[in-house]
Chemist: 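Quick one: the structure is below, questions incoming.
When reading the values below, keep in mind they use all heavy atoms of this one structure, side chains included, and skip hydrogens, waters and symmetry mates. Since the model is a prediction, treat every value here as computed from it, not as a measurement. Counting from 1, the numbers follow the sequence of the chain as shown.
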Amino acid sequence: MLEKAGFTREAYLRSRLPGPGGTRTDDLQYVLLAEDLLAQVSGENGTSHA
């Protein structure tokens, strides 16, 4: 859902967060940069990420 809204997956951190019963849970982090948002609003296709 975040990717459909224009966010890009920035990080996948394995076993970062505490989970139930002493387990660990992965953490996904997404980002929406101002320049990407402006490109979406102006109707540009494609984004460039380094």
Chemist: When rounded to the nearest 0.5 angstrom, what is the spacing between CG in Leu13 and CD in Gln29?
Modeler: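 If we round to the nearest 0.5 Å, Leu13:CG and Gln29:CD are 5.0 Å apart.
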Chemist: If only atom types and distance count, is the side chain of Arg16 paired as donor or acceptor with the main-chain N or O of Asp27 below 3.5 Å?
Modeler: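 No.
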Chemist: Working to the nearest 0.5 angstrom, can you tell me the gap between Leu28 CG and Phe7 CZ?
Modeler: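 It comes to 14.0 Å.
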Chemist: Atom OG1 of Thr8 and atom CG of Leu33: how far apart are they, to the nearest 0.5 Å?
Modeler: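 It comes to 7.0 Å.
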Chemist: Any side-chain heavy-atom pair from Arg9 and Glu3 closer than 4.5 angstrom?
Modeler: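 Heavy-atom side-chain distance check passes, below 4.5 Å.
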Chemist: Flag yes if Leu17 and Leu2 sit in one hydrophobic cluster, no otherwise; membership is Ile, Leu, Val, Met, Phe, Trp, Tyr, and two members link when side-chain heavy atoms are under 4.5 Å apart.
Modeler: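 The answer is no; the residues belong to distinct hydrophobic clusters.
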Chemist: Of the non-hydrogen atoms in Arg14 and Asp26, which two are nearest, and what is the gap between them?
Modeler: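 Heavy-atom minimum between the residues: CA-OD1, 3.4 Å.
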